[in-house]
Structure formats: structure tokens, C-alpha cells
Visitor: 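Below is the structure I would like to discuss, written out as C-alpha cells.
In this text the structure is predicted, and so the values were computed from the model without any measurement.
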Amino acid sequence: MSENVVHLHKNTDPAPEPNTVTTLTVVPDPAPAAPVPLWVRSGRAIRTAVTHETTKTTARAVARHTLYVVGGARIAAKRTWDGRTASRYERMFRAAEAAGNYEVAAEWEERGQHFREARHRRRMDLLHSPLDAAKGVGITAGMGVGSLVALGVVMAIATKDAAQVVTPLMATIEFINLLIRIVQVVWGPGLAIGPFLALLALWAVGSKRQAAPAWALPANVRNSEGEPITPSIVVKALRDLGVPALRSAIKEMGDAGAGMLGPIRIAGCGVEVDVTLPSGVSTIEVQNRRRKLAENLTRHEHEVFITIPTAARTVRLWVADSGALDEPIGPSPLVTDETLTADYAKGRAPWGEDLRGDAAALSLFQRHLLITGLSNQGKTAALRSLALWLALDRSVQFLMGDLKGAGDWRMFDGVATTLIEGPTDEHVIQVTEMVEGAVDEMNRRLQAPPGTQFPALIVIVDEAQVAFMCPARDEDKRPYGGAKANSRYFMAVRKIHNQGRAVNVLMWQGTQDPTNENLPKLVREGAHTRASLALGTEQQARMALGDKAVDGGAAPNLLRPGLDKGTVVVASDGIAIPAGQASITVRTHYIDTEEAYAIADRAKALRDGVTTLTVIERGEDRDPLADILTALGDRPRLLTADVLKRLAALNEDAYGDWTNGDLKRVMEAEGEEPKKSHGRMVVHKDHVLRAIAHRDADGSASVSE
């Protein structure tokens with residue numbers, strides 16, 4: 001029994017009245033916790049030991065090495081069976097026939113027939129072999145004894161000792177007796193360790209072939225490359241796909257399903273095979289089980305592509321070599337070939353490689369373009385690489401709006417006529433007015449005399465969803481964004497889509513995460529070339545590429561975000577697409593920013609100097625002479641370089657790009673020009689005043705000093 005302890009609690013109440021009694025409270029010790037039963041502690045210990053990672057690893061190792069023996073026995077038995085029967089020849093014959101290689105199939109059939117004939121001869125020889133063997137042994141023994149006796153006679157004559165006649169015969173008998181003793185000594189231990197040696201041999205065979213279930217193998221082995229694609233593997237993968245009608249049809253086929261397969265062809269970093277489905281099985285049933293089919297083929301989902309060719313009830317499977325799609329492709333020809341030029345009308349942009357490993361080149365002639373995808377998947381880089389190639393055609397003009405404003409398109413300063421960068425509503429307004437300016441140019445070209453040739457004018461808007469979702473309105477309350485008939489950006493794009501192609505005014509747009517709100521339906525369908533990087537859902541894939549492409553097997557929603565950067569699914573008549581398919585998957589070349597600047601410098605060298613506007617001037621008329629006078633201030637003369645600096649400070653948009661030639665042009669227009677003073681060009685204030693007076697005398701608007 002525990003003792004009670006007396007605790008004195010300090011009384012925080014006011015002092016007690018006289019004659020009151022202070023009480024002491026006796027507080028017993030808390031009851032001790034009940035002990036944990038032994039069986040509970042033992043169970044916890046056992047559970048910890050069983051679930052410990054070391055225990056699991058040990059159990060897997062024991063199971064693995066045990067199953068290596070079982071698997072080795074199975075492999076040895078199969079090898080023995082193949083060696084003694086014609087099953088190997090039958091298997092190779094069926095594989096060649098299923099692949100459509102009938103010449104090889106006939107060769108294997110002939111080899112199998114030769115094997116059967118040789119086996120028959122060996123079996124017939126066994127009927128006569130015992131008698132022949134006995135005769136052979138008797139003859140050999142007689143000849144051997146006679147030879148030994150003859151040798152003894154020779155030795156006896158030589159030594160004149162008759163006992164030497166039997167010496168060779170006795171030596172031979174003693175040698176045979178020695179061999180028998182050795183066998184008697186070794187036989188017992190050999191019988192004891194023989195089974196262990198046999199098990200070790202089977203283990204070695206199983207270990208070399210990794211003949212154990214995947215769960216028992218080490219992690220580095222479980223993640224090894226997939227098996228080569230053979231007809232039997234394809235048929236087995238289809239049989240186990242979970243389509244009852246397909247499974248039943250394969251069982252009923254006399255060739256075990258091999259007749260469904262066309263030839264297996266090497267296609268780039270993988271193989272391709274057409275599968276004709278049996279009656280009652282729809283192609284959509286196979287398409288909807290892409291992941292399961294890939295796993296049945298020991299591949300990841302992104303390594304198997306299913307498309308629908310022209311033949312009825314046929315699916316085309318492209319199966320990549322394991323891990324091949326994770327390897328980068330080579331650099332762009334724009335980077336490796338500094339002499340490369342472009343031809344807008346007849347050339348094709350080197351965009352990347354298709355899944356076969358063939359070069360994928362895209363024609364840009366009179367085709368509006370739309371590229372979309374999730375953020376940070378390489379959309380800007382893919383779109384920019386096309387513009388960089390086209391910039392190497394000196395006749396092509398560019399109007400560019402980058403509504404991200406991170407400098408991804410800044411290398412086109414000096415190539416593009418207009419380059420607007422920034423994500424704000426003001427930048428959207430500028431981009432909208434730029435596109436509307438392209439509409440005005442389009443209308444001017446449409447009204448030109450028939451037969452007039454016009455250079456290509458490419459209007460590029462990156463991050464176009466910012467423009468469609470812009471809430472800003474103009475002074476007439478018309479919205480810049482949106483998808484209604486009064487939306488300025490939407491209507492400008494639609495006008496170019498409707499008529500721009502005829503006069504080489506083209507619209508290229510890049511946008512994120514397509515929805516009806518940030519990429520209206522009419523704008524999507526107005527693009528001739530539609531490309532998509534990784535997307536989140538099939539609905540977005542349909543918005544990006546259209547129903548026809550998705551129904552034909554295009555699946556950008558199955559690309560891996562972050563891992564398949566730069567991989568685009570393209571629907572366009574401007575790129576070579578295999579017959580019967582509605583789209584093609586392209587792994588685009590990546591051109592980094594430094595390389596892009598180098599290519600842009602080559603494009604600038606082809607041109608006569610392009611002044612790039614970074615802002616759209618809206619109704620602000622400047623008087624250059626008045627501004628030059630303001631820049632001079634109270635100075636009688638000033639160096640032209642200083643005048644240019646002061647003009648730029650006065651209005652960066654109007655004078656930021658001015659050169660000495662611009663200054664001279666304005667002065668010469670009024671009969672004046674900068675003069676040299678002590679060997680340096682200067683602007684005199686009285687010359688500017690005289691130019692203003694001369695202009696006013698001719699009826700121009702006067703400018704007060």
C-alpha cells in the first residue's frame with residue numbers, strides 16, 4: 001500500500017478572518033499505470049521484426065535464390081526438350097509466318113524436316129547397336145590381349161626370361177584394378193555432393209537469366225529494360241487486354257492469333273505493327289486500354305502509341321525501345337549549320353524528329369498556326385524556333401507581341417518591325433492595336449491590283465490567353481478581351497484568319513491550358529496548323545487539335561508534364577503524316593536563348609537594318625524641330641550626340657532610337673543641317689530657329705519658342 005503524502009497548498013485567497021481554521025488537504029499519490037501484458041509486448045516485437053526492412057530484404061533474397069533453382073530447372077528442361085524435339089523449329093516457323101516472312105518460314109520448316117529425318121535414323125540405329133557394340137568389344141578385347149601377349153614375347157626374347165611373356169598383360173590388369181579402387185574411393189563422396197553440384201548448376205542458370213518473379217528481384221533488376229517486341233509478345237499482350245471478345249477470338253484462331261499481325265517493322269527508336277482486330281472488337285476498346293497494353297508489353301504508357309490507319313478494324317501500334325524517349329534528340333540544324341537559310345514559299349522549317357527518328361519539317365507557307373500546352377512545357381521555345389528559321393528569309397516581316405514579357409523574344413529586336421513585351425492590360429492594348437494594324441495592312445493588300453505580290457507578314461502573339469482574358473475597355477466601352485463580336489482582339493484575329501492567307505498576312509498564336517474562355521472556338525478552328533504539348537485532359541486535347549485528330553489517336557493529354565518537354569502532337573497538312581493518320585508526334589529541337597541570339601544576329605545580317613518599335617504610337621504628334629529647340633535650351637550650339645541624348649530624355653518612345661542620320665534628315669528637310677565645329681558635328685540654335693521660321697513662312701503650323 002502506498003503512503004499518503006501531505007501537500008500544503010498556498011492559499012491565495014485574502015487573509016482569513018480571526019478564529020478561522022486552516023485546513024490541510026491530504027492528496028493521495030496517483031495510481032500507478034497498469035503494466036503492459038507480456039503477450040502484448042511480444043506481439044509488438046514480433047510485428048516490428050516481421051515488418052522491418054531488413055527482414056523483408058532477407059525474405060526476398062531467400063525467395064529469389066530458391067526460385068533461381070526452380071527457374072534454372074525449368075530452363076534446363078526446356079533446353080533439353082528443344083534439343084531432343086523439333087519444337088524449336090516449329091516455334092521459329094510460326095514466328096516467321098506470323099511476321100509475314102514466308103521465305104524464312106519455309107527455311108525453318110525445311111530445317112525441322114531434316115532434324116526429324118536425322119532423329120529417325122538415330123532411333124533405327126539403336127535397334128542394332130547392342131549387337132554391334134558386343135561384337136566391337138569382343139574384337140577389341142581379343143586384339144588388345146593378342147597385342148599384349150605379342151609384346152611379352154618380344155620382351156622374353158630380348159631378356160631370355162620366359163616370365164616376361166605375361167608382364168604387359170599383368171601390368172594392364174593392375175592398372176585397371178587401380179582405376180577400380182579410385183572409383184570406389186570417389187564414388188561415395190561423389191554421390192553425396194553430386195546433388196548439391198546439380199543444384200548449384202541449376203542456380204547458376206536461373207541466376208543468369210533472372211528466373212524469379214519481379215517482386216523477388218533486386219530493385220536495379222526490376223527496373224531493367226523491357227523485352228524485345230516479338231509476335232508472341234504482341235498477341236499475348238492483346239489477349240490479356242481485358243476485352244472478352246478479343247480473348248475468345250484469339251483462342252479460337254488456329255494460329256493462336258498470329259494472323260492478326262502485320263509485319264513488325266523497325267521504326268526509329270522502336271517498332272511498328274498493324275493489328276487487324278477480329279469481328280466484334282472495336283478499335284476504341286484497344287485505344288481506351290493504352291496503359292494496360294503498354295504494361296503487357298513491359299513498357300511505360302508514354303512508350304506506346306496507338307493510331308488508326310485507313311484499313312478497317314485496324315490499329316497501328318508503335319512501341320518504343322525501353323527508355324529511348326527519355327534520351328534527348330540532336331541539336332537543331334539552325335545551330336549546327338550557320339549557312340542555312342529559309343524560303344517562306346518553298347522551304348520547310350526543321351522542327352525536330354518524329355517517333356521514327358526521321359526529320360520532321362514543317363511548311364509555314366500561308367498557314368495560320370496555333371500551339372498550346374500546359375505552362376513550362378516548351379511552348380515558347382517550339383514556337384520561337386519556327387520564327388527563327390523564317391527570319392532567315394529576308395523578305396519576311398514580323399509583328400510580335402510577347403504577353404509574358406520575360407525576354408523570350410527580345411533577340412528579334414532588329415528583326416521584327418514591332419516587338420511589344422509585357423503582361424499588363426496596357427501591353428494587351430498595344431498588342432491589340434498592333435494586330436488591328438495588321439488588319440489594315442491586309443485590307444490594303446486585298447485592294448491592290450490583281451497579281452500584286454506581297455511579302456509575308458507574320459503576326460505572332462505569345463501567351464495569347466492574356467489578351468483573350470483582358471478586362472480593359474476603350475473609350476467607346478468596347479472590350480479588348482473576350483470572345484464576343486465587340487471584342488477588339490478577338491475580331492482582329494478573326495479577320496486575319498478569314499482573309500489574311502490570300503495576301504500572306506498570317507496569325508501565329510501560343511497559349512496555355514486551352515479552354516473556351518481563354519481560347520475561343522472560332523479562333524482555334526481558324527488555324528491551319530495546330531500543335532499541342534502536354535495537356536491535362538482529353539477535353540483540352542480536343543480543343544487544341546480538334547475532334548478528328550483525337551479520334552484518330554492524337555493524345556497530348558497522355559504526354560508527361562515536365563518529362564516530355566518540347567514534344568508536340570501536330571495536326572497539319574504542312575507536315576508529312578503517315579497515311580491514314582490524322583496527327584504526328586514530334587520531338588522538337590531545343591534552341592536555348594544564347595543560340596537564339598546567334599541565329600537572330602545572322603537574320604539581322606541578311607537585312608538592311610530594321611528599326612523595331614516597342615510601342616504603338618496612338619495620336620501623339622511630335623514636332624521634331626520644336627523638340628530639338630527644347631533640347632538645345634539656352635545653349636547656342638550643342639554636339640549632335642548630346643542633342644540625341646536630350647531628345648531621348650524628352651520622349652523615349654519618339655526619339656529613343658534616333659541616330660545622327662535621323663537628326664540630319666529633319667534639319668535638311670527645312671534647308672538646314674548640322675555643321676562641324678572643331679572637327680565635331682554640332683547643332684546651332686540659330687539654324688534651328690531659321691528652319692522653324694522658314695517652315696512657318698511656308699504655311700506650316702507655327703511653333704512658339
Visitor: Could you label the plane-to-plane angle of the Y655 and W658 rings as parallel, tilted or perpendicular, counting under 30° as parallel and over 60° as perpendicular?
Guide: perpendicular
Visitor: Holding to salt bridge (Lys or Arg N to Asp or Glu O under 4.0 Å), I want the full list of residues that pass it with D608, two or more places apart in sequence or in another chain.
Guide: R394
Visitor: For A544 versus T372, what's the shortest heavy-atom pair and its separation?
Guide: CB-CG2, 3.3 Å
Visitor: Got a donor-acceptor contact below 3.5 angstrom from the D474 side chain to the R478 backbone?
Guide: yes
Visitor: Between the side chains of E338 and R602, is the shortest nitrogen-to-carboxylate-oxygen separation below 4.0 Å, so that they form an ion pair?
Guide: no
Visitor: Report the C-alpha separation of L399 and M434 in whole Å, then their side-chain angles, then the decisive distance to 0.1 Å, and conclude whether the side chain to side chain contact (heavy atoms under 4.5 Å, CB included) test is met.
Guide: CA-CA 7 Å; L399 302 177; M434 177 190 76; 3.8 Å; yes
Visitor: Counting only N and O atoms by type, is there a donor-acceptor contact under 3.5 Å from the side chain of R524 to the main-chain atoms of L519?
Guide: yes
Visitor: Does atom CD of E525 have more than 12 heavy-atom neighbours from other groups under 6.0 Å away?
Guide: yes
Visitor: May I have the step-by-step check of side chain to side chain contact (heavy atoms under 4.5 Å, CB included) for T417 and L613, ending in yes or no?
Guide: CA-CA 6 Å; T417 305; L613 299 179; 5.6 Å; no
Visitor: Can you check whether G566's main-chain N or O pairs, donor with acceptor, with T588's side chain at less than 3.5 Å?
Guide: yes
Visitor: Could you check whether any side-chain N or O of R646 sits under 3.5 Å from a backbone N or O of A631, counting only pairs where one atom can act as donor and the other as acceptor?
Guide: yes
Visitor: Closest approach of L638 and D642, non-hydrogen atoms and distance?
Guide: CG-CB, 3.8 Å
Visitor: If you measure from the Lys or Arg side-chain nitrogens to the Asp or Glu carboxylate oxygens, is any gap between D462 and R384 under 4.0 Å?
Guide: no
Visitor: For S487 and A483, indicate whether the former's side chain and the latter's backbone hold a donor-acceptor pair under 3.5 Å.
Guide: no
Visitor: If you look at every heavy atom in Q287 and G553, which pair is closest and at what distance?
Guide: NE2-CA, 3.5 Å
Visitor: Heavy atoms only: give me the nearest R445-V503 pair and the separation to one decimal.
Guide: NH1-O, 2.9 Å
Visitor: Checking W351 now: which residues fulfil ring-ring contact (aromatic ring centres under 6.0 Å, His included) with it, not counting sequence neighbours?
Guide: none
Visitor: For R348, is there an ion pair with D343 - N to carboxylate O distance below 4.0 angstrom?
Guide: no
Visitor: Between F468 and Y489, how do the two ring planes meet: parallel, tilted or perpendicular, split at 30° and 60°?
Guide: perpendicular
Visitor: When you measure from the side chain of K495 to the backbone of N443, do you find a donor-acceptor pair of N or O atoms at a distance under 3.5 Å?
Guide: no
Visitor: Identify the two heavy atoms, one from T529 and one from S572, that lie closest to each other, and give their separation to 0.1 Å.
Guide: OG1-OG, 2.8 Å
Visitor: Checking side-chain hydrogen bond (donor to acceptor under 3.5 Å, both in side chains) for the pair R637/H684: CA distance, chi angles, key distance, verdict?
Guide: CA-CA 4 Å; R637 64 177 179 270; H684 293 268; 5.1 Å; no
Visitor: With side chains defined as the heavy atoms from C-beta onward, is the minimum distance between F305 and R290 less than 4.5 Å?
Guide: yes
Visitor: Output, in order, the C-alpha distance, side-chain angles, deciding distance and verdict of side chain to side chain contact (heavy atoms under 4.5 Å, CB included) for L663 and I628.
Guide: CA-CA 9 Å; L663 188 62; I628 293 172; 3.5 Å; yes
Visitor: State whether Y597 and R410 meet the cation-pi test: NZ (Lys) or CZ (Arg) under 6.0 Å from the six-membered ring centroid, and within 45° of the perpendicular axis.
Guide: no
Visitor: Mark yes or no for whether W318, through its side chain, and A267, through its backbone, hold a donor-acceptor pair below 3.5 Å.
Guide: yes
Visitor: Hey, are K548 and D551 close enough for a salt bridge, meaning a charged N less than 4.0 Å from a carboxylate O?
Guide: no
Visitor: Could you tell me whether the side chain of R316 and the main chain of D274 form a donor-acceptor pair under 3.5 Å?
Guide: no
Visitor: Which heavy atom in V610 sits nearest to a heavy atom in G414, and how many Å separate them?
Guide: CB-O, 3.4 Å
Visitor: Would you check if the side chain of D592 reaches a backbone N or O of E595 as a donor-acceptor pair within less than 3.5 Å?
Guide: yes
Visitor: Taking H368 for its side chain and M507 for its backbone only, find out whether a donor-acceptor pair lies under 3.5 Å.
Guide: yes
Visitor: Walk me through whether Q366 and N504 qualify under side-chain hydrogen bond (donor to acceptor under 3.5 Å, both in side chains).
Guide: CA-CA 6 Å; Q366 293 187 343; N504 286 328; 3.2 Å; yes
Visitor: Is it the case that more than 12 heavy atoms not belonging to K604 sit under 6.0 Å from its NZ atom?
Guide: yes
Visitor: Determine whether P561 and Q377 make a side-chain contact, defined as any pair of heavy atoms from C-beta on separated by less than 4.5 Å.
Guide: yes
Visitor: Taking everything shown except R680 itself, do over 12 heavy atoms lie less than 6.0 Å from its CZ?
Guide: no
Visitor: Hey, mind stepping through V431 and Y480 against side chain to side chain contact (heavy atoms under 4.5 Å, CB included) and telling me if it holds?
Guide: CA-CA 10 Å; V431 168; Y480 287 93; over 6 Å; no
Visitor: Identify, with sequence neighbours excluded, every residue that meets salt bridge (Lys or Arg N to Asp or Glu O under 4.0 Å) alongside D408.
Guide: K404
Visitor: Check D513, T511, N518 against Q465 for a side chain to side chain donor-acceptor pair (under 3.5 Å) and give me the one that passes.
Guide: T511
